[in-house]
Amino acid sequence: MASWIIHLRVAQRLYQQLHIKEKEPFVLGNIAPDSGIPNEDGTGFVPDAAISHFRSLDQNGIKCIHETDFIQQYFTPAQRQTYSDSEYAFFLGYLAHLLTDKIWARDIVYAAKEKYPALFASDRSLFWQTIKRDWYDLDFMYLKTNPDFEAFCIYRDTPSIPNTYLDFFAENAFEERRHFILHFYENGVANIIARDTYLSPKELDHFVLSAADEIQLLLLPFQ
């Protein structure tokens, strides 16, 4: 739900705050839930987001994340004791992604719905197109002004990222998604023209800081 750059910005603040040494798998975990591969007819992804994000849809069609389902399946105390440092960092990052999406829905998506109630009620497809265009343009502008953004560089430069963690993703899913994401942002940054957006860069900066602080407290029991 949140953009990939938002996930990476939150991830960077978290690995700094939590003093996570295994940065590469933690960063990967913060992107991994969005690694579904498009199905043959282009109507969805494999796995479906209901599986990868442990989510359902509420009455407004907005995603509801059930992070406790993920914890019960992949991050119990017994499981954490068996994980290597890299596995632990990956799954902690995966949980951070789910929590970021949950906070994004609460603080950003519902706020947009309240700001554009007529558009949301009349044409939800256009509503999503409108707000997502702003989200991604803000990403492009951020990367253009922050080309050495560390978490993005970690994600970009990690030599190989095969899926060895989750059986509902294909082995090559993480690498395929990385190729797509890097190409998407390369083109976006090259063509971005600064413009006014319904969210300001300062509002996004505030979200990153406040979300990371909230998630840090939620992750403390898993440290």
Side-chain angles (χ1 to χ4, degrees), residues 1-10 30-67 69-70 96-145 168 173 176-211 214-215:
M1 184 180 299
S3 71
W4 298 305
I5 293 303
I6 291 296
H7 280 295
L8 290 172
R9 291 177 66 184
V10 171
N30 272 272
I31 298 294
D34 290 340
S35 299
I37 295 175
N39 59 22
E40 292 183 359
D41 61 8
T43 59
F45 294 87
V46 180
D48 182 85
I51 295 173
S52 63
H53 285 71
F54 300 82
R55 61 101 167 147
S56 60
L57 297 179
D58 69 11
Q59 67 273 18
N60 292 310
I62 295 174
K63 298 172 185 176
C64 296
I65 303 293
H66 306 287
E67 74 280 0
D69 291 347
F70 167 79
H97 177 112
L98 299 181
L99 293 170
T100 301
D101 273 354
K102 192 168 186 175
I103 297 168
W104 182 265
R106 184 193 71 199
D107 293 354
I108 302 297
V109 177
Y110 275 100
K113 175 180 172 289
E114 294 302 318
K115 190 168 186 176
Y116 302 111
L119 180 59
F120 183 84
S122 64
D123 191 335
R124 289 191 185 180
S125 178
L126 182 59
F127 168 82
W128 288 112
Q129 290 175 23
T130 300
I131 65 172
K132 284 185 176 182
R133 182 194 173 201
D134 277 12
W135 297 350
Y136 288 121
D137 278 2
L138 285 162
D139 276 0
F140 301 148
M141 288 186 274
Y142 182 83
L143 274 181
K144 188 171 184 176
T145 56
F168 54 76
E176 285 198 11
R177 179 51 37 167
R178 177 166 67 169
H179 286 311
F180 175 88
I181 290 172
L182 294 180
H183 180 70
F184 175 79
Y185 281 118
E186 181 181 4
N187 286 343
V189 170
N191 296 298
I192 189 61
I193 297 174
R195 65 180 182 86
D196 290 335
T197 51
Y198 86 94
L199 282 171
S200 71
K202 286 186 178 181
E203 287 175 307
L204 275 192
D205 290 346
H206 175 74
F207 173 84
V208 169
L209 296 178
S210 63
E214 182 175 347
I215 293 168

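No hydrogens, no waters, no symmetry mates; every other heavy atom, side chains included, goes into these values. In this text the structure is predicted, and so the values were computed from the model without any measurement.
Pairs passing the salt bridge (charged side-chain N to carboxylate O under 4.0 Å, His left out) check and including a residue from residues 190-205, sequence neighbours excluded, read Arg9-Asp205, Asp134-Arg195, Asp137-Arg195. A side-chain hydrogen bond (donor to acceptor under 3.5 Å, both in side chains) check over residues 115-126, counting only residues at least two apart or in different chains, returns the pairs Ser125-Gln129.
The distance from atom CD1 of Ile103 to atom CG of Leu99, rounded to the nearest 0.5 Å, is 6.0 Å. The structure places CG of Asp69 at 13.5 Å from CZ of Arg55, a figure rounded to the nearest 0.5 Å. Taking CD1 from Ile5 and OH from Tyr185, the interatomic distance works out to 4.5 Å, rounded to the nearest 0.5 Å. In this structure, CD1 on Ile181 lies 5.0 Å from CD1 on Ile31, to the nearest 0.5 angstrom. Atoms OG1 and CE, from Thr100 and Met1 in turn, are 11.5 Å apart once rounded to the nearest 0.5 Å. For the atom pair CD1 of Ile65 and CH2 of Trp104, the computed distance is 13.5 Å after rounding to the nearest 0.5 Å.
For the pair His97/Phe70, no side-chain contact is recorded, criterion being any heavy-atom separation below 4.5 Å from C-beta on. Using a 4.5 Å heavy-atom threshold, the side chains of Val109 and Trp128 count as touching. Put simply, the side chain of His53 reaches to within 4.5 Å of the side chain of Asp34, judged on heavy atoms. Looking only at side-chain heavy atoms (C-beta outward), Pro201 and Tyr142 stay at 4.5 Å or farther from each other. The closest side-chain heavy-atom distance from Asp101 to His7 is below 4.5 Å. Counting heavy atoms from C-beta outward, Trp135 and Leu204 have side chains that stay 4.5 Å or more apart.
Between Gly36 and Arg177, the closest heavy-atom pair is O-NH2, 3.4 Å. Asn191 and Asn187 get closest at one heavy-atom pair: ND2-O, 2.8 Å. Across all their heavy atoms, Asn30 and Ala96 have their closest contact at OD1-CB, 3.5 Å. For the pair Tyr198 and Ala112, the tightest heavy-atom approach, listed with the atom from each and the gap, is OH-CB, 3.8 Å. When all heavy atoms are compared, the tightest approach of Ser3 to Asp139 is OG-OD2, 2.8 Å. Taking each heavy atom of Phe168 and Ser52 in turn, the nearest pair found is CE1-CA, 4.0 Å.
By the 30° and 60° cut-offs, the orientation of the rings of Phe127 relative to Phe120 is perpendicular.
In this structure Arg133 satisfies the side-chain hydrogen bond (donor to acceptor under 3.5 Å, both in side chains) test with no other residue, sequence neighbours excluded.
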